[in-house]
Amino acid sequence: MTEPTILAIESSCDETSAAVIRGGKVLSNIIATQAVHEKYGGVVPELASRAHQQNIIPVVSQALLTANVTKSELNAVAFTKGPGLLGALLVGCSFAKSFALGLNIPLIEVNHMQAHILAHFIEDPKPSFPFLCLTVSGGHTQIVLVKDHLDMEIIGQTTDDAVGEAFDKTAKMLGLPYPGGPMLDKAAATGNPEAFQFPVGNMPGYNFSFSGIKTSVLYFLKEKSKDNPGFAQENMADICASVQQTLIKTLLKKLVQASKDLGIKEIAIAGGVSANSGLRKTLQDYAVKYKWNVYIPAFQYCTDNAAMIAMASHFQYLKSDFATQYVSPEPRMKF
Ligand code: KG4
Ligand code: ZN
């Protein structure tokens, strides 16, 4: 088989992205971040769909141009089937379907969460199987046992909010601008992580709960602001550092337990929250402490991007795992 050349499209949330991959090597990865949501303090689904519609043709054209690949050289078109926002997914799905139909080439449906994990195969060093991946994003928090490229098992997950949501909502309560997670990360850099204590839910097994911390931060701020309305502003760095440390410790406690129970020391992180500097640093410390080999994706492959969709589609192509023209998006897609 000649090296497959695939165009991949990601449109699950607020990034419109297209990438081209050839023989497993990413040739381009174009990302249009939608600024329209900033003034609303969060992603507005209807506006996301409209922005995807506006962005998709220029983003795909740029991805082909940067890769120096023509449409006739493509062997398949891949897209994110889910999970994600229905209207946003529909744009990528419909575009990919018509593009594949027009070129008479196969269509590949990709699971966004599996793709976050497969981002580890874009660059070296690559984890060896089996490995554990802590997948942390705006909508998901999972510990995944990765047995092979396309053979994964979720062994733990959040029972309520995702950790990214906890970052974003805390940031919003503190008056930080959207997107909250990276802002909280930045503010935490100069703070004392031991300054304040916040409780976290202790769930059985490898599961998590992040809804409680939101409420505890809310009541903490209400209480402290009673006598001093400027409390949050004056203690911003310390509050952010303390919240961040609590979230990181909660995540890593379960990861340590899973690693011990399963005897696996190949440990990866993936998803938007893996861009968090505190999590990246703590994971490096744990690598020394627990003799782990840790795998942390490059920044551009942590948050949503089509390169990871392309990587997943490459492995699916090799298995002839193709979709039909009847495929439709699955906002709550599982694997
Ligand atoms: O994977 P992703 O880009 O989209 C989803 O699939 O959800 O993840 C987005 C999430 C958001 O909650 C965002 O605030 C969070 O990742 N995030 C961060 C950082 N960068 C992105 N959270 C904490 N620290 C960061 N540096
Ligand atoms: Zn994502």
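Ligands are counted one by one from 1 in listed order, and the atoms in each one are counted from 1 as well. Numbers here simply count residues along the sequence, with the first being 1.
Here the options are T170, T250, T246, the test is side chain to side chain contact (heavy atoms under 4.5 Å, CB included), and the partner is I213; only T246 passes.
Shown here is Q300, whose CD atom has more than 12 heavy atoms of other residues, nucleotides or ligands within 6.0 Å. Residue-environment remark: NZ (K126) exceeds the threshold of 12 foreign heavy atoms within 6.0 Å. Taking a 6.0 Å sphere around CD1 of I57, one finds it holds 12 or fewer heavy atoms contributed by other residues, nucleotides or ligands. The number of heavy-atom neighbours closer than 6.0 Å to CG of N104, taken from other residues, nucleotides and ligands shown, is 12 or below.
Among protein heavy atoms, the minimum distance from atom 22 (N) of ligand 1 is reached at G181 CA, 3.6 Å. In terms of protein heavy atoms, atom 24 (N) of ligand 1 is closest to N276 ND2, 3.0 Å. At the top of the distance list for atom 2 (P) of ligand 1, counting protein heavy atoms only, stands D304 OD1, 3.3 Å. The nearest heavy-atom contact from the protein to atom 15 (C) of ligand 1 is V273 CG2, 3.9 Å. Nearest protein heavy-atom contact of atom 14 (O) of ligand 1 is D168 OD1, 2.5 Å. If you check which protein heavy atom lies closest to atom 21 (C) of ligand 1, you get G272 O, 3.3 Å.
Sorted by first and then second residue, the salt bridge (Lys or Arg N to Asp or Glu O under 4.0 Å) pairs involving residues 262-284 (not counting sequence neighbours) are K281-D285. Here salt bridge (Lys or Arg N to Asp or Glu O under 4.0 Å) pairs that include residues 309-334, with residues two or more places apart or in two chains, are K81-E330.
Within the 6.0 Å centre-distance limit, the rings of F208 and F210 are counted as a close aromatic pair. A centroid separation of 6.0 Å or more is found between the aromatic rings of Y178 and Y40. Taking the centre of each ring, Y295 and F121 stay at or above the 6.0 Å mark.
Considering backbone and side-chain atoms alike, G138 places an N or O below 3.5 Å from some N or O of ligand 1. Checking only distances, S277 never comes within under 3.5 Å of ligand 1, N or O to N or O. Between G180 and ligand 1, no N or O atom pair is found at a separation short of 3.5 Å.
For S17 and N305, the side-chain atoms include no donor-acceptor pair closer than 3.5 Å. A side-chain donor from one of E234 and N228 sits under 3.5 Å from a side-chain acceptor of the other.
The distance from ligand 1 to the heavy atoms of H116 drops below 4.0 Å at these ligand atoms: 1 (O), 6 (O). Each of the atoms 20 (N), 26 (N) of ligand 1 lies under 4.0 Å from some heavy atom of A275. Within the listing of ligand 1, atoms 12 (O) sit less than 4.0 angstrom from a heavy atom of G164. When each atom of ligand 1 is checked for a heavy atom of H112 under 4.0 Å away, the hits are 6 (O). Taking a cut-off of under 4.0 Å to the non-hydrogen atoms of G139, the atoms of ligand 1 that pass are 7 (O).
Contact annotation: for D185 versus ligand 1, heavy atoms closer than 4.0 Å belong to the side chain alone. For H140, no heavy-atom contact with ligand 1 is shorter than 4.0 Å.
Within the set G271, A171, S137, the minimum heavy-atom distance to atom 5 (C) of ligand 1 is found for S137.
Around the Zn ion (ligand 2), the protein contributes the following N, O or S atoms under 2.8 Å, ordered by chain and number: H112 NE2, H116 NE2, D304 OD1.
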Kindly list each side-chain donor-acceptor pair under 3.5 angstrom involving residues 139-154, sequence neighbours excluded, with atom names and distances?
from: T141; atom 1: OG1; to: V163; atom 2: N; distance (Å): 2.8
from: K147; atom 1: NZ; to: E153; atom 2: OE1; distance (Å): 2.9

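Looking at N235, its side chain never comes within 3.5 Å of a backbone N or O of D238 through a donor-acceptor pair.
With salt bridges taken as basic N to acidic carboxylate O contacts below 4.0 Å, one links R22 and E73.
Heavy-atom separations between P182 and ligand 1 include at least one value shorter than 4.0 Å.
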